[in-house]
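To start, the structure itself, in structure tokens.
Residue numbers start from 1 in every chain, and the chains themselves are labelled A, B, ... in the order their sequence lines are given, proteins ahead of strands. Model, not experiment: these values are computed from the prediction.
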Amino acid sequence: MDNETHIRVRYAPSPTGRLHVGGVRTALFNWLFARKNGGTFVLRIEDTDLERSTEESVEQLERSMRWIGLDWDEGPEVGGPHPPYRQTERFDLYREAAKKLLDSGAAYYDFATPEELAWLRERARAEGRQPIYTGGEYREMDPDEAGERIQAGQPYTVRFKTPREGQTVVQDMIRGPVTFENANLEDFVLMKSTDTPTYNFAAAFDDAEMEISHVIRGDDHLSNTPRQILIHEALGNPLPAFAHVPQVLGPDKKKLSKRHGAASVEDFAERGYLPEALFNYLALLGAGYAADEEIFTPEELAERFRIDRVSGNPAILDEKKLRSVNAVYLRRKSPEELAALAAPMLVESGALTEEELGRDRARLANIMALLKERIALTTEIPDSVGYFYGGSLDYDEDEFENQFGKEFVRENFPELVERLTALPEWTETAIEEAVRGLAAEREKGARHLIHPLRFAVTGRTVSAGLFETMQLLGRERSLLRAGDAARKMQRLSV
RNA sequence: GGCCCCAUCGUCUAGAGGCCAAGGACAUCGCCCUCUCACGGCGAAAACCCGGGUUCGAAUCCCGGUGGGGUCACCA
């Protein structure tokens with residue numbers, strides 16, 4: 001493949017917390033774009049903020065990416081031709097580049113103190129001007145004098161000498177050309193007084209060094225892009241193409257955050273969403289796919305992905321829809337897959353022990369087959385499966401009275417239990433015949449027996465079909481609970 | 001506030017000047033299936049932000065307003 005046109009994209013998160021779904025979505029778009037075009041997807045850790053970056057976040061981030069199904073061709077763990085892939089390990093590279101900019105006159109040493117800068121900003125605000133710092137006396141200071149000050153130990157930053165006139169145009173693949181007046185851009189910092197790079201400098205430098213052809217990122221970076229373009233030009237780098245994808249918002253149209261319930265990949269995982277469902281939903285969100293279908297594999301998504309179709313609109317995450325997509329994925333799973341998913345959750349919830357589980361793996365699969373159309377989130381599993389295990393149940397008093405207080409039930413339930421006990425074989429059809437038979441003899445609708453029986457054996461008013469449920473519950477357990485209910489019924493005051 | 005982006009049903013969207021009395025999906029509401037709940041099937045309600053242009057003709061193009069979002073750090 002032609003190296004000049006080889007597509008290389010990157011996702012460059014800063015490890016300062018959990019991976020936000022807005023973040024994974026842009027990672028997803030990068031991944032999709034790379035897969036679609038036979039390109040390379042690079043992961044780069046932007047940890048230049050020593051204060052906020054943590055090792056734990058790096059691990060969490062990589063774990064979240066892998067969980068949802070995003071693998072990277074180059075980056076931490078996997079390596080690649082442009083190492084290292086963590087900015088804190090690339091400081092020498094930035095220092096060298098800063099030197100180059102200083103030598104060419106594209107940048108300068110700035111000795112203004114933070115207090116001075118704050119005062120300048122304040123005064124600008126008081127006078128109703130925009131605070132645009134242009135370096136004052138330092139911008140054109142004689143290099144020798146600057147050198148002397150540095151020798152004397154005076155702290156400094158390195159700033160970019162932003163042109164005071166003209167415009168910088170971002171050619172955005174989603175929005176078209178976006179024009180910025182250079183006069184509105186200040187002389188931004190390239191190197192901090194700690195001799196470490198700022199985001200704009202490190203990002204622009206790395207994108208060029210790593211030969212990134214397309215920068216696809218959140219639109220919160222759109223206003224940074226003219227600065228990065230200026231850096232690229234000063235460094236003599238070819239410009240990558242840009243695409244700025246919108247944020248993911250909560251239902252109140254504010255940036256999605258924890259107070260909306262869930263905002264990070266881990267939050268959604270904890271709430272019972274499947275990785276493939278989150279992947280599918282997020283990839284569809286605001287991506288401008290044709291609307292006739294909505295369930296796609298990552299491969300299908302990649303095949304159809306078009307960056308220029310991505311909407312410029314902020315996208316509101318609709319958890320109801322995510323939930324329904326999740327339910328589809330749950331339903332599509334085989335009973336065995338669902339059993340594997342459910343097993344650890346059931347053990348953790350205390351519904352059963354490891355041994356019990358190991359003894360009857362097939363039964364769990366059968367239970368899941370019965371339940372899978374009734375759950376939308378994996379977190380619903382323990383509650384909906386729990387009554388298939390264990391012995392006697394604690395009945396809700398009010399509901400018990402509601403179910404067993406009726407005269408017909410009081411008169412016939414004991415007989416029903418007897419007939420069930422006498423059943424020669426415990427099968428769905430045998431149970432059904434017993435129940436319907438008795439109801440027919442008493443000239444009543446079967447539902448008058450079915451509902452209390454359901455409540456007796458499951459402890460709840462809703463479940464899968466009663467007869468198949470009872471077969472799976474097993475004779476012993478069903479009869480135990482039915483007997484419990486019959487006795488409890490006797491004690492009910494009339 | 002300055003700068004920038006954006007604007008079709010509640011939400012995600014289809015729509016690239018006539019095919020649109022605007023289509024789909026989720027959610028909502030009915031009906032059917034039925035032992036309950038789901039699943040499934042059928043159906044209903046629901047949108048082109050406003051105002052000016054351009055044009056024979058605009059949801060689609062232009063301008064303005066309004067609204068929403070982003071960003072204004074030695075954070076990324």
For nucleotides 63-71 of chain B, list the nitrogen or oxygen atoms of the protein found under 3.5 Å from its nitrogen or oxygen atoms, one pair per line.
unit_1	atom_1	unit_2	atom_2	d
B:G69	OP1	A:Lys254	NZ	2.3
B:U71	O2'	A:Ser223	OG	3.2

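- Looking at residues 123-138 of chain A, you'll see A:Gln130 sit with a heavy atom under 4.0 Å from some atom of RNA chain B.
- A close approach under 4.0 Å does not occur between any side-chain nitrogen or oxygen of A:Lys321 and OP1 or OP2 of B:G10.
- Applying the salt bridge (charged side-chain N to carboxylate O under 4.0 Å, His left out) test to residues at least two apart or on different chains, the pairs with a partner in residues 171-182 of chain A are A:Arg175-A:Asp219.
- Not counting sequence neighbours, the partners of A:Arg374 by the side chain to side chain contact (heavy atoms under 4.5 Å, CB included) test are A:Ala464.
- Comparing B:C12, B:A73, B:A76 by their nearest atom to the side chain of A:Leu285 picks out B:C12.
- Checking A:Arg217 against A:Thr26 by side-chain atom types alone, no donor-acceptor pair falls below 3.5 Å.
- Here A:Ser193 lies in heavy-atom contact (under 4.0 Å) with a base.
- Within 4.0 Å of A:Arg323, counting heavy atoms only, lies no atom of the nucleic acid at all.
- Looking at residues two or more places apart in sequence or on another chain, you find a side chain to side chain contact (heavy atoms under 4.5 Å, CB included) between A:Arg475 and A:Leu423, A:Trp426, A:Leu479.
- If you check distances only, the side chain of A:Arg175 never reaches the base of B:C5 with a donor-acceptor pair under 3.5 Å.
- The side chain of A:Arg331 lies closest to B:G40 when the candidates are B:U36, B:C75, B:G40.
- Using a 4.0 Å heavy-atom cutoff across all strands shown, A:Arg460 reaches no nucleic acid atom at all.
- In this structure A:Gln403 satisfies the side-chain hydrogen bond (donor to acceptor under 3.5 Å, both in side chains) test together with A:Glu399, sequence neighbours excluded.
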